[in-house]
Amino acid sequence: MSMPSFPKIDPPLQREDAVNQILSSIAMEELGLSHILNAEGEKLQYILGTLPGLSGPPATVSDVLAANESVRSMLEAAVQNQLFLKSKMQGALAASPMQGPTGPTGPTGPTGPAGGPAGATGATGATGATGAAGATGATGPAGPEGSSGIDGATGATGPTGPAGPTGPTGPTGAAGATGPAGAAGATGAAGATGATGATGPAGPTGPSVTATSAFAANTSGSLLPVVVLGVPVPLPNSQVLPPDITVNGANTVFTVNTPGRYRLAYNLNTSTALASGTRLLINNTPNQASTVAPSLSLSHFSNEIIVDLSAGDTITLQMYGLLGSATLLPGSAGASLSITRLS
């Protein structure tokens, strides 16, 4: 078997040219990878029916899962390729310097013509050190010291004089501290209990906050077209609504007109198990605490939360998930929602 050979390149490539070629190949591979990732994104858009300008039969759950697996495999291959390209680029950038060694020093140029102007006068030198001072003359001898006088002897101590008369009596001292208090005497007998006073009048009855409560259900077995963004669940049956809780014409949006703390509870039952979820929308915003998003298919969904609502806030029961449809149980509580003000 013959060994591989490289074609001759004339003129030969320099190190700098080779590094530039490697970096250019990395850039071209990155450009090709961007087109592949864009194609994978458009594949998902086509499966989900969101690709502009194209339409087709709706995708099944198995179609969506198969497309997801294909995209995941391609992303894994792209990540591995990115690691290879990173290593390739680091190796190229860490190559030895592209410039050659320093060339030899050129010859010294010729000396310039003589007869130029005289240079500036140099600075004056430092002043010399001062000479040593002359020697000091010798001091003459000191005169004789005078003699000290002689001290006289201390005389003998005289006799003790007679005792003086007794002085007057001093003033009376301050009074001593008060002694401790005596023990407390025995407690006297308790007095007789007084008569019970008359009962006051009963106060007015306070308002009942639970009078602001509502209930609505769906017993007609409605068919819901479930989509990723969610579909509101209509609740047209068994409605019990107070004056300050209203519902729209589609029986999907309930409006609270009295502020307070509310308990919201819901139940939803389908004829078959679905890989979908349920939640409450407060002012068209999903409430995370009310969300039921199972990892396995379910046919019964229920939850309850306690929230503070303002006047004019809206509540909607919603079902969401992969593209498909769900049928609520007919002739029974296929779905229900209760709203109760607590305070």
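- S310 approaches P259 most closely through the heavy-atom pair CA-CB, 4.1 Å.
- Taking CG of N38 as the start and CG of L33 as the end, the distance is 11.5 Å to the nearest 0.5 Å.
- Taken from OH in Y262 to CD1 in I315, the straight-line distance is 8.0 Å, to the nearest 0.5 Å.
- Nearest heavy-atom pair across G277 and P294 is CA-CD, 4.4 Å.
- Note that the CG atom of L85 and the CD atom of E30 stand 5.0 Å from one another [nearest 0.5 Å].
- Taking the side-chain contact (heavy atoms from CB on, under 4.5 Å) definition, one finds that N248 meets it with A250, T252, V253, sequence neighbours left out.
- Linking Ile, Leu, Val, Met, Phe, Trp and Tyr whenever their side-chain heavy atoms come within less than 4.5 Å puts V71 and L37 in one cluster.
- Taking the side chain as every heavy atom from C-beta outward, L280 and L317 approach each other to under 4.5 Å.
- Partners of D308 according to the side chain to side chain donor-acceptor pair (under 3.5 Å) rule, which considers only residues two or more places apart in sequence or in another chain, are R261.
- In this structure T60 satisfies the side-chain contact (heavy atoms from CB on, under 4.5 Å) test together with S62, D63, sequence neighbours excluded.
- Within the model, atoms CG of L309 and CG of N257 stand 11.5 Å from one another, a figure rounded to the nearest 0.5 Å.
- Hydrophobic clustering of Ile, Leu, Val, Met, Phe, Trp and Tyr side chains at less than 4.5 Å, counting indirect connections, keeps L235 apart from V240.
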Would L264 and I282 count as a side chain to side chain contact (heavy atoms under 4.5 Å, CB included) here? Give the steps. CA-CA 11 Å; L264 309 178; I282 308 298; 3.9 Å; yes
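- Side chain of S34 to main chain of L31: a donor-acceptor pair is present (N/O by atom type, distance under 3.5 Å, no hydrogens or angles).
- Across V19 and A92, no two heavy atoms sit closer than the pair CG1-O, 4.0 Å.
- Within the 4.5 Å cutoff, side-chain heavy atoms of V233 are placed close to those of L328.
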Check the pair N251, N237 against side chain to side chain contact (heavy atoms under 4.5 Å, CB included), reporting the backbone distance first and the verdict last. CA-CA 9 Å; N251 296 297; N237 311 119; over 6 Å; no
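- The two atoms that bring R341 and G260 nearest to each other are CD-CA, 4.3 Å, heavy atoms only.
- In this structure, the side-chain contact (heavy atoms from CB on, under 4.5 Å) partners of L223, at least two apart in sequence or on a different chain, are S325, T327.
- P286 places a side-chain heavy atom less than 4.5 Å from the side chain of L281.
- Hydrophobic cluster membership is shared by F301 and V231, with clusters built from Ile, Leu, Val, Met, Phe, Trp and Tyr side chains linked at under 4.5 angstrom.
- Closest heavy-atom contact between S302 and N267: CB-OD1, 3.0 Å.
- Linking Ile, Leu, Val, Met, Phe, Trp and Tyr residues whenever their side-chain heavy atoms come within less than 4.5 Å leaves M89 and L83 in two separate clusters.
- Here S70 pairs with K43 under the side chain to side chain donor-acceptor pair (under 3.5 Å) rule; sequence neighbours left out.
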Could you walk me through whether N303 and Y266 pass the side chain to side chain contact (heavy atoms under 4.5 Å, CB included) check? CA-CA 6 Å; N303 203 348; Y266 72 84; 3.6 Å; yes
What verdict does the side chain to side chain contact (heavy atoms under 4.5 Å, CB included) test give for L75 and E40, after you've listed the backbone C-alpha separation in whole Å, the side-chain angles of each residue and the deciding distance to 0.1 Å? CA-CA 9 Å; L75 290 180; E40 292 299 310; over 6 Å; no
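- For CD of Q288, the number of neighbouring non-hydrogen atoms (other residues, nucleotides, ligands) closer than 6.0 Å is 12 at most.
- L337 and F215 fall into different hydrophobic clusters, where Ile, Leu, Val, Met, Phe, Trp and Tyr side chains are chained together by heavy-atom contacts under 4.5 Å.
- Going from atom CG of N269 over to atom CG of L298 covers 11.0 Å, rounded to the nearest 0.5 Å.
- I245 places a side-chain heavy atom less than 4.5 Å from the side chain of T212.
- Atom CD of Q318 sits about 11.0 Å away from atom CG of L224, to the nearest 0.5 Å.
- Of the residues V247, T246, T314, the one that meets the side-chain contact (heavy atoms from CB on, under 4.5 Å) test with F254 is V247.
- Of all heavy-atom pairs between P242 and A211, the closest is CB-O, 3.8 Å.
- Residues R263 and S338 form a side-chain contact, since some pair of their non-hydrogen atoms from C-beta on lies under 4.5 Å apart.
- Scanning for side-chain contact (heavy atoms from CB on, under 4.5 Å) contacts around A289 gives N287, I305, with sequence neighbours left out.
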